[in-house]
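Structure first, commentary second.
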Amino acid sequence: MSDRIQVAIAGGSGYVGGELLRLLVDHPAFEVVQITSERHKGSFVHFTHPNLRSRTRLKFTGLDELEPVPLLFLCLPHGQAMQQIDRFQNLAESIVDCSADFRLGDPDLYAAWYGRPHTAPEWLGRFIYGLPELNRDQIRGARYVSGVGCNATAINLAILPVVQTGLIDAESELIGEVKVGSSEAGNKAGDASHHPVRAGAVRSFAPVGHRHTAEVLQLLAANGIRSKVHMSGTAVDNVRAALATVHLFVPAGTTERDIWKAFRTTWKAEPFVRVVKEAKGNYRYPEPKILAGSNWADVGFALDSATYRLVCICAIDNLMKGAAGTAVQSANLMFGLDETAGLMFPGLHPI
């Protein structure tokens, strides 16, 4: 009998579910004992996730076949977790939900950005927003943790140093542009993801009204900042990528030394965030390509000392630091494990 913590993944045929399984098959403390898919019920998981061939003999089961486990990861389409949360809480001592259902603590904020009322608003306050760089102490030992929006994660990590150190101008508005890879849209084919239409494209898909804006507003509000946030999303010809470029203004007289101090203060003890700002070379600013498959976030900045416009930059793998990697990092904290367990893969170069 294994002494590892038994884990189930609900909704395991999508990209995030596949990433979770990839991380957990070699995790030193967790053991996946069940994974569900309605479309692929009864088939081996490696038929859907071929990179896991010979790494696991698990087969997909139906969602209604879930057995009780200490830890349940929910990777269901947005809206499904909140409809069944009472059932899921009876199946698992701890839950990490990777959808958008429990990311926002305010039901009015949820309704405003998702266009419909939350069906389980009493649960919103029970979930901790699952970005360890923001909520490590609350996540540690928690029973219920939400996933994070990949685009919101890139923006939030980009701006966190100036938010936490008070360098953001009180009157400043944030303008964030996130360039994302095709895997963000999930594994269900559609008109926008059809290869002849999607390949080679650089397409603005959310110039205004991006739902992840709500998570950025939530971060700012928690730090007493009421700045307006303007967010845009652009699809680029990558599979994995999220690159946030955030423009804001800092008080007159702010120097690059001040910005460096803020970034070093915020990130010096973080296991998965690196400050990337070199004087020369191809990789002097964050670049998502070299992070593919890793849980790292690379952050950087550039200051226009003539106008005091600060550009904050963050690169992540949207499926990892923007989803599955952060979910596992949070689960490690929930169970009192080494936060980095199962997550130290550094990415590939070249790729």
Side-chain angles (χ1 to χ4, degrees), residues 4-5 7 9 12-32 35 45-46 48-56 58 71 73 75 96 98 130-133 136 139 145 147-151 153-154 156-158 180-184 187 238-244 267-276 282-283 285-300 313-351:
R4 294 194 293 168
I5 300 162
V7 172
I9 302 171
S13 62
Y15 293 142
V16 175
E19 282 292 272
L20 277 172
L21 186 58
R22 176 179 71 86
L23 295 171
L24 294 174
V25 291
D26 288 317
H27 196 283
F30 295 131
E31 177 185 15
V32 180
I35 183 168
V45 295
H46 69 255
T48 302
H49 304 300
N51 56 321
L52 300 180
R53 184 175 285 113
S54 298
R55 298 298 299 114
T56 176
L58 278 172
L71 175 60
F73 288 96
C75 302
V96 178
C98 294
L131 189 58
E133 290 77 11
R136 178 172 286 105
I139 294 169
V145 171
V148 294
C150 54
N151 299 324
T153 296
N156 283 340
L157 294 179
V180 301
S182 59
S183 60
E184 180 181 289
N187 70 343
N238 295 60
V239 174
R240 295 170 180 256
L243 178 66
W267 300 127
K268 63 182 178 182
E270 286 295 337
F272 289 112
V273 183
R274 305 180 294 198
V275 180
V276 179
N282 288 340
Y283 304 104
Y285 293 113
E287 186 171 326
K289 181 180 179 181
I290 62 174
L291 301 175
S294 84
N295 195 49
W296 296 93
D298 284 351
V299 298
I313 305 166
C314 177
I316 60 173
D317 178 333
N318 58 292
L319 294 178
M320 282 293 297
K321 190 61 182 164
T326 289
V328 172
Q329 188 179 349
S330 293
N332 286 339
L333 288 167
M334 293 165 75
F335 282 82
L337 306 173
D338 183 335
E339 185 174 342
T340 67
L343 293 171
M344 292 306 291
F345 175 71
L348 298 172
H349 178 73
I351 186 173

Quick one: closest heavy-atom pair of Gly12 and Ile9, and the distance?
CA-CG2, 4.0 Å
Does a side-chain heavy-atom distance below 4.5 Å link Asn151 with Glu184?
yes
Start with the C-alpha distance between Leu20 and Cys98, add both sets of side-chain angles, then the distance that settles side-chain contact (heavy atoms from CB on, under 4.5 Å), and finish with yes or no.
CA-CA 10 Å; Leu20 277 172; Cys98 294; 4.2 Å; yes
Go through Lys321 and Leu157 one step at a time and tell me if the side-chain contact (heavy atoms from CB on, under 4.5 Å) criterion holds.
CA-CA 11 Å; Lys321 190 61 182 164; Leu157 294 179; 4.2 Å; yes
Quick one, Pro132 and Leu333 - any side-chain contact, counting heavy atoms below 4.5 Å?
yes
For the residue pair Pro288 and Ala315, what are the closest heavy atoms and their distance?
N-CB, 3.5 Å
Taking the side chain as every heavy atom from C-beta outward, state whether Thr56 and Val32 have any pair of such atoms under 4.5 Å apart.
no
Validation row: Glu287, Asp298 side chains within 4.5 angstrom (heavy atoms):
no
Heavy-atom distance under 4.5 Å between the side chains of Glu133 and Trp267, does that happen here?
yes
Check whether any side-chain heavy atom of Leu343 lies under 4.5 Å from a side-chain heavy atom of Asn332, and answer yes or no.
yes
Is there side-chain contact between Gln329 and Arg136, with at least one heavy-atom pair below 4.5 Å?
yes
Heavy atoms only: give me the nearest Ala292-Ile351 pair and the separation to one decimal.
CB-CD1, 3.9 Å
Any side-chain heavy-atom pair from Val96 and Met334 closer than 4.5 angstrom?
yes
For Thr326 and Gly322, indicate whether the former's side chain and the latter's backbone hold a donor-acceptor pair under 3.5 Å.
no
All heavy atoms of Arg22 vs all of Gly293, minimum pair found to be NH2-O, 3.3 Å
From CA spacing to verdict: side-chain contact (heavy atoms from CB on, under 4.5 Å), Val276, Ile313
CA-CA 9 Å; Val276 179; Ile313 305 166; over 6 Å; no
May I ask you to decide if Leu52's main-chain N or O and His49's side chain share a donor-acceptor pair within less than 3.5 Å?
no
Closest heavy-atom contact between Ser183 and Val239?
OG-O, 2.6 Å
